[in-house]
Amino acid sequence: MNRNFKFKGLIAGALLCGLIGCGGGEKKASTTKESDAGSPFPRSKTLYLAGSQWGDPTTFNPMADIWASTWPVGKGAFNLVYEPLLSFNALDGKFEPCLGTLVSKSGDEIVIDINPEAKWSDGQKVTSADVKFINEIGRRFKDAPTAINAEYFTEIKVEKVQNNGVETERLTFVVEKKVRNNPLIVLDHITQTRIYPAHVWEKALADNGNDLSAVQKIQVDGSAVVSGPYKTEAATNEKIVLKRRDDYWGNKALFGGKMPAPEFIIHPIFKSNDAFAIALQKGELDGSQTFIPRIWMKQKDGVKTWFDQAPYFLAGALPIFVMNTTKAPTNDKNFRRAMAAAINYNDVKELAVSGYSPDIQPGLIMAGIGMEGKYFNADDAKQFGVSYDPALAKKILADAGYKSVYKADGTLDYMTDKKGTKLPTLFIKSPAGWSDWEAIVTIAVKGLRAAGIDAREGFVDASLYWPARGSGDFDILLTKPDNAVLPSTPWSRFFQVMTSSTWRPIGQNMNENYGRYNNPKSKEFNPMVEKLLKEIPTISDPAKLAEAYRALNKIFMMEQPAIPLAYLPEQFYEFSESRWTGWPTAANPYAPPLLPWVGASTKILWQLQLAK
Amino acid sequence: MLKQYPTLRYILQRGGWYFITFVVAVAINFYLPRLGSNNPVKIIMGNTSQGLSSEAVKEKEEKYLKEFGLVKVKNGKIVRNEDGSPVKASILEQFISYVGMCFKGDLGTSFQKYPKKVLDVIKDAVPWTIALQLPTILFGWIVGNVLGALAAYKRGIFDRVFFPVSLLLSSLPFFVFGMLLVYQFAVVWDCFPAMGGYAGDLIPTFSWTFFSSAAYHYVLPFFSIFLIAAGGQAIGMRSMGIYELGTDYIKYAKWLGLKETRIIAYLFRNAMLPQLTGLALSLGTMIGGALITEMIFSYPGLGMAMLTAIQNNNYPMIQGCTLLITVCVLIANFTVDILIGFLDPRVKAGLQIGKGN
Amino acid sequence: MKQFLSLFKSPMFVIGFSLFIGTLLLALLGPLVFNITTERVGVQYAPPSGKYWFGCDDLGRDYVSLLIKGLQASLYVGFLAGIIATTLGTLLGIYGGFKGGLVDDIINMVTNLFIVIPSIVIIILISASFSEGRSLTLIAVIIGMTAWTWSARAVRAQSSALKSKDHISLAKMNGANTFAVITLHILPYLASYVFMVFILQVATGILTEAAISMIGLGPLDTVSLGTILNQAKNNGALSDGIWWAFMPATVIITIVVFALYLINTSAEGVFNPRLRK
């Protein structure tokens with residue numbers, strides 16, 4: 001009966017595998033704190049953060065195109081490896097020093113002193129040459145990732161001043177006045193553009209015959225010249241590892257000699273959303289920024305957020321429906337307002353985003369949120385805006401002559417306009433597979449159909465979504481105009497939704513105003529919108545600024561080119577206190593609710609301590 | 001001349017057909033992704049044109065089109081239409097240049113993971129997929145067949161219990177089974193890791209720590225596939241076993257008084273043949289089959305890479321992966337065909353008499 | 001026909017058959033018995049209660065309704081895919097096995113081609129070209145078009161064994177053309193075999209649809225058992241222990257497939273007397 005033995009042997013072998021693993025130094029994270037022996041990245045010295053890198057690491061070359069590079073060198077305002085001049089703190093609207101310090105700002109000039117102690121990892125100082133290199137590269141290479149910067153300032157003046165006896169380089173960004181005239185965007189760039197060592201990259205360009213694409217393909221690793229507190233140590237398809245630079249200039253200059261507590265930062269690359277939740281619960285992940293529903297159920301495992309009750313997260317971004325204003329019936333503002341009145345925003349809040357949003361108000365200003373809350377005018381909202389009101393939706397439709405035709409079983413069949421022409425079904429385009437977005441669309445469709453508006457979900461693969469968005473190939477589109485709270489918020493949101501300055505017909509690509517609102521060549525063109533959009537960045541008087549925003553928001557509410565859906569956070573800031581404590585929260589807001597790889601939240605790293 | 005070596009002729013004949021299949025498969029796999037109206041550059045651009053002026057966008061787009069070989073190029077410059085738009089390279093041209101590159105060993109640059117090479121991506125991921133699938137399929141096959149044969153031979157109580165259980169097991173959707181295993185063992189009981197191929201703080205090296213960690217992380221994914229595969233095989237083998245047991249030659253052997261183990265050896269050998277075909281099929285498609293398991297367990301492997309490649313119309317990556325699958329399936333089938341030729345006396349006899357099959 | 005009626009003599013078949021008919025009835029008559037609604041009726045993931053036997057999903061919809069609609073969709077996909085796969089596989093298998101020679105080799109090659117191309121590639125590509133996106137029918141067709149390969153192989157083996165039988169040779173000698181021989185002489189012999197192949201193809205179709213929906217490539221506008229599981233996974237139901245989000249759907253799939261497997265195995269026993277004991 002040797003088959004029996006074979007069988008038993010196989011089972012035994014499989015069990016043996018498990019036992020070997022159990023005995024071989026594997027860690028059980030949440031309950032016991034065993035020794036870190038045998039691990040190259042000891043748990044007590046490592047911080048695990050996730051949520052920014054989804055695909056395999058490709059390149060750490062800072063000059064590479066945005067979509068091609070990898071965390072922490074790529075697409076966001078990451079400043080762990082390379083740093084910007086300033087960081088913007090969304091909580092108080094202040095510009096915090098990084099490689100530079102803000103001296104003054106106005107509509108014409110932005111003056112920044114380079115920190116005289118700022119140094120590269122090869123010992124050389126950070127100078128104006130470095131700042132100029134990356135900011136002015138657009139004048140030499142039209143397709144560089146930071147090419148757009150150069151359109152917003154005419155020059156960067158450099159002078160040497162004495163600060164407390166220390167010689168400092170003073171930079172003056174002269175705002176370009178004729179075409180762009182937008183100091184807010186200049187500030188955006190200053191806080192988001194990271195500075196790279198000119199002496200390294202100029203040489204690389206020279207060595208490659210001044211060909212930017214060749215330079216972009218150079219493989220870069222942990223030996224690259226950087227200025228930030230960490231450098232890249234290793235990268236596999238599973239994780240990216242950063243190692244602390246003990247000679248980081250900012251330890252002494254910005255943090256009084258302290259070093260960040262974690263020696264290593266590891267960004268695991270998960271393949272499904274569930275993995276984040278499980279890892280947080282088990283204490284294997286310290287910080288994450290993905291949408292995890294019902295996060296209050298994980299509080300007992302030490303998972304925390306900014307607020308410890310609803311809405312749990314601090315709002316900062318506004319998902320909206322953009323309507324295609326070039327074709328019927330969405331070219332009729334009454335129809336759009338009826339749509340806005342038909343959507344049950346409470347359901348969206350509770351069911352789609354797990355209650356992570358406060359109650360929203362009509363208009364494009366996020367009421368009660370951050371620095372922009374003060375521009376919200378409650379009276380205007382009541383008078384000109386629409387909230388969830390199915391009866392009102394039906395009334396607006398009826399007054400405008402739209403009829404809804406129902407089938408024999410009571411379900412909606414189609415709509416007709418006031419001339420009696422049958423209207424096509426409207427599809428709400430959104431990427432398939434993003435569960436919270438899908439839920440928003442499904443709930444919206446329910447509300448719309450209940451009010452007699454013939455809309456349906458139009459989920460498409462993400463790869464089809466992006467091109468459709470830019471070319472205007474949609475009836476209704478779900479999108480988020482802003483991804484971060486910047487110095488230019490909320491102006492940039494209005495610009496993204498309503499500007500005609502870059503207007504192009506459907507079929508040609510646009511990067512803002514996907515719905516083609518306010519066609520400059522049409523009879524209904526409203527010049528006030530463009531006038532306000534051009535004025536606001538230059539206004540410094542707070543009273544006049546409030547007036548301008550009020551006027552702009554009023555036009556938005558009356559015309560309804562887009563429908564705001566929820567107040568979502570800039571980042572889903574969630575963390576675990578089972579290993580590291582000292583995170584900022586609403587009770588202790590020493591940094592904004594962002595993971596410590598970006599902006600003003602990097603300072604969290606210096607405040608973290610091991611849990612007892 | 002070849003008529004004197006029927007076995008050789010058989011092998012060559014089969015091999016010839018497989019080669020033709022290979023060529024056609026490669027051509028189809030090349031053509032299919034390009035059927036879609038969406039070319040990958042558009043997808044990349046849709047994601048990144050933020051913050052660039054429209055001329056810069058056009059320049060960038062053309063740069064990528066040229067680099068990925070999607071437009072006609074003459075003397076290093078793009079050939080243009082009258083309205084200035086670049087002329088698309090015909091699919092035949094792209095195919096010819098692709099084949100040329102393949103022979104040089106360059107499977108192209110992944111569009112999505114630019115500038116990573118397709119070969120590198122596949123090289124990193126394939127060992128994990130194979131490590132996950134190969135032992136699982138083999139063990140499942142062996143264990144399942146053994147148990148099935150046992151059940152066929154013994155019948156009785158063992159069969160009555162075993163049969164419904166394995167039938168039920170093979171009816172379970174294996175991915176839910178995997179999810180349930182994760183939930184029970186990794187979340188509730190916390191005795192196995194929930195995800196990953198190895199511990200979160202290790203880098204793949206040739207060290208004991210790494211291998212033991214990988215083994216530890218291997219257990220749950222292994223069982224999620226293995227149990228169901230074994231169940232399926234057991235059912236099949238049981239049926240085959242019962243069938244063979246009732247055949248005349250077995251009865252004859254019993255009456256002749258041959259030893260039991262001898263009889264079972266014969267039984268096995270004949271019942272095995274159709275199962276081998278099934279094994280070949282499983283092995284051949286194992287590259288693609290790991291996809292869901294890899295998703296559930298966040299296991300490093302080719303599955304997810306292939307899925308994202310297809311979703312983003314990443315031509316070179318899709319071609320690289322499908323090339324791999326094609327090669328694996330065809331080799332597996334070819335091997336089984338040859339094996340059956342040797343093991344199945346009917347085929348041998350057929351060859352001998354000269355009636356090629 | 002007589003052989004099909006003799007199926008009912010096997011207790012295993014009766015069990016499997018009744019289970020399957022049970023689920024079929026649930027799918028077809030369920031809407032008459034239960035109040036099927038896709039409106040929000042409760043809070044997110046409300047636990048099972050007296051009113052809503054399986055609780056609510058992430059959008060507050062009643063799971064009983066969702067499960068019944070999902071069952072309808074999954075059965076539809078399974079049957080359609082099964083019919084397509086069986087028809088294709090049987091026709092190609094019989095023809096190839098019967099003719100042998102060059103025809104057989106060519107059909108073999110085509111079979112190999114279809115094995116080689118992963119169904120996932122085809123699904124995504126085709127769904128990207130259709131502006132209406134992925135519907136149940138489209139998915140069923142694609143599953144059918146990629147799953148027929150193994151039934152072609154199996155039928156071919158049977159068919160090539162049959163062709164050397166005497167009555168076939170007789171028919172050929174009498175001058176009957178290939179088509180007549182296949183339909184009048186071979187097919188009846190294989191009817192029981194084809195029946196079993198069909199059952200297995202339906203089961204595979206249901207499982208494949210569930211697998212495809214799990215990855216997120218399922219039908220975009222309809223509920224199927226697979227999309228219910230996909231929703232559960234995407235909404236983190238697993239890590240929160242919300243068992244009613246995925247267990248009922250899993251159990252239903254398992255029962256349906258199990259019933260089909262029982263039918264198949266018992267049919268094997270009935271049609272092949274040596275298996276009966």
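Here is how names work: the chains are called A, B, and so on, in the same order as the sequence lines, proteins then strands, and each is numbered from 1.
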> Non-hydrogen atoms of chain B under 4.5 Å away: do they reach the side chain of A:Y48, the backbone, both or neither?
Replying inline: side chain
>> According to side chain to side chain contact (heavy atoms under 4.5 Å, CB included), who are the partners of B:A131, at least two apart in sequence or on a separate chain?
In response: none
> Using non-hydrogen atoms only, which part of A:A234 is less than 4.5 Å away from chain B: side chain, backbone, both, or neither?
Replying inline: side chain
> chain A heavy atoms under 4.5 Å from B:F210: which part of the residue, side chain, backbone, both or neither?
Replying inline: neither
>> Is A:T46 in contact with chain B via its backbone, its side chain, both, or neither, using a 4.5 Å heavy-atom distance?
In response: neither
> Who pairs with A:F264 by ring-ring contact (aromatic ring centres under 6.0 Å, His included), at least two apart in sequence or on another chain?
Replying inline: A:F41
